[in-house]
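Encoded as structure tokens, the structure appears first; notes follow it.
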There are 2 protein chains.
Amino acid sequence: MHTLRERKKQRTRDALLRAAVELFTSQGYDRTTVDEIADAVDVSQRTFFRYFAGKDEAALGLVEMTVARFVEAVRARPPQEAPLEALRRAVVDGWYSVNEVVESVVPVELYLRMYRVIEETPVLLAAHLRRSAEAEEDLARVIAEREGLDVDADPRPRLAVAVFSGVMRAAERQWSTGEDVGPEGIRLLTARCLDGLGPALLGDWREPGTGRGVRGPAQA
Amino acid sequence: MHTLRERKKQRTRDALLRAAVELFTSQGYDRTTVDEIADAVDVSQRTFFRYFAGKDEAALGLVEMTVARFVEAVRARPPQEAPLEALRRAVVDGWYSVNEVVESVVPVELYLRMYRVIEETPVLLAAHLRRSAEAEEDLARVIAEREGLDVDADPRPRLAVAVFSGVMRAAERQWSTGEDVGPEGIRLLTARCLDGLGPALLGDWREPGTGRGVRGPAQA
DNA sequence: TTGTCAATTGTCAGCGGCTGTCACTAGCCT
DNA sequence: AGGCTAGTGACAGCCGCTGACAATTGACAA
């Protein structure tokens, strides 16, 4: 990152990302052409595709950064923590560092709005879900290693991650469809969603004492 | 479905679907153009797009049918069954009727191979995951209604469905990457995956008695 | 039957995403 | 300074997809 060339490249990439996000959030994804983005940065369309494999990558770039950050955060948690606790703490504590990274490219507010665009643009949502599935796989491997398990032999790591991701996705949607909450609101929202996890899984759904929790059907 | 026109339409659609699946499974999704598919059925390219919103819809058509079938099957389960049991029985019992529907368009073997193509073609996998997410939402509503709950107020329906879907997806992948198993093999595989659900969630991961299951972290 | 209406299809033109190619420019290194 | 290479622009072209209009074909009543 020290040679002039490398700095220049980084600047063009950031500029493209910024221009893309600004256009996407202001006019929508479909109504924005790659040419527009390239022109805004004063670069040829061909160059855009040298930085991003597709139009969608420019749209998912920001989220991508935060996801990668999160996986790293989990990897860094002390190994004596139980799996779900490590995941939970990583997401709750990690928000600040995420803020930093995002802010180095665009104001955080744009990040929020970009998230909404992703959620309401079918092709972007699809790409996002695919990428999330990959991240889940990574997380499962991290968890398995922490617990000294074989990820292909024991289903529990993947299962735990699946449960966790389900909750996170629920929080995401709640937050992206609700009214505009600041970054701090997100932390609270996710924390609250995660707190509901245990009771939801273990409690009986109708009345106590009938033995109808997750246990029943699974053993049937 | 009784007028000549309607029958003709159905036949063209089936023919397009069949041709698409055959081409996709034999030469790959990317290396197959829409023109090829249309030519194989002796129809104009424009007509193809009157039946399918996009090239991907022709690829996901088969799976789409089975997913819809499955959601219906869950809806039809007796309401006294616990949620996860209803889901489980729907998938295990429902396989035969799925077979029927698929076989009316292409041999089941092609269904299996098409599934592999989807799994290894990024854009198709993405679209598939998105559609699956929608199905999950539907299922959550069905479950909520069975239990007399409000999906938006109570997180447990979505959570249960998320867990279940996680297991199903694990089974899907195991089956699509493994060696060629027949339709009966799939039933066994999914059943086995689902049987592991209860112990995996409730058991302790290292040794019994330390109180470190899903319960611990969720309450932290 | 036959004529009329509506549904389905083919043709054509065109946009936008994306890629290969090649010449050219600009940073790098000795 | 001058050769080398990474990065860029310009151009051509494929493919997915859409709108518009004309031609065809089945539906249905007179």
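Computed from a prediction, not measured in an experiment: that's the story for all the values here. Every chain is numbered from 1, with letters handed out A, B, ... down the list of sequences.
- Per the geometry, CZ belonging to A:R5 stands 11 Å off P belonging to D:dT5, to the nearest Å.
- Formation of a donor-acceptor pair under 3.5 Å by the A:R116 side chain with backbone atoms of A:S176 is found in this model.
- Atom NZ of A:K55 and atom C1' of D:dG16 are 13 Å apart (whole Å).
- Whole-Å rounding puts the A:H2 NE2 to C:dG27 P distance at 18 Å.
- Taking 4.5 Å as the limit, every side-chain heavy atom of B:R89 sits out of range of all side-chain heavy atoms of B:V92.
- The phosphate of D:dT25 has neither OP1 nor OP2 within less than 4.0 Å of any side-chain N or O from B:K8.
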Verdict with reasoning, B:T66 to B:Y111, per side-chain contact (heavy atoms from CB on, under 4.5 Å): CA-CA 10 Å; B:T66 71; B:Y111 178 79; 3.2 Å; yes

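- Take B:T12 and apply the side-chain contact (heavy atoms from CB on, under 4.5 Å) test, not counting sequence neighbours, and it matches B:V43, B:Y51.
- Within a heavy-atom distance below 4.0 Å of DNA chain C, no residue of residues 122-133 of chain B is found.
- Ring pair B:W175/B:Y115 is perpendicular by interplanar angle, where above 60° counts as perpendicular and below 30° as parallel.
- Within residues 18-52 of chain B, the residues approached by DNA chain C to less than 4.0 Å at the level of any non-hydrogen atom are B:V43, B:S44, B:R46, B:T47, B:R50, B:Y51, in residue-number order.
- One N or O on the side chain of A:E6 and one on the backbone of A:H2 form a donor-acceptor pair closer than 3.5 Å.
- Rounded to an integer number of Å, the gap from CG of A:L16 to P of D:dG7 is 14 Å.
- No more than 12 heavy atoms of other residues, nucleotides or ligands sit less than 6.0 Å from atom CG of A:D42.
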Criterion salt bridge (Lys or Arg N to Asp or Glu O under 4.0 Å) on B:E72 and B:R75, from CA distance to verdict: CA-CA 5 Å; B:E72 281 319 303; B:R75 204 169 257 128; 2.9 Å; yes

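- The side chain of A:K9 approaches D:dG7 more closely than any other nucleotide in the set D:dT8, D:dG7, D:dG16.
- Atom-to-atom, CZ of B:R11 to P of C:dT9 comes out at 11 Å; the value is rounded to the nearest Å.
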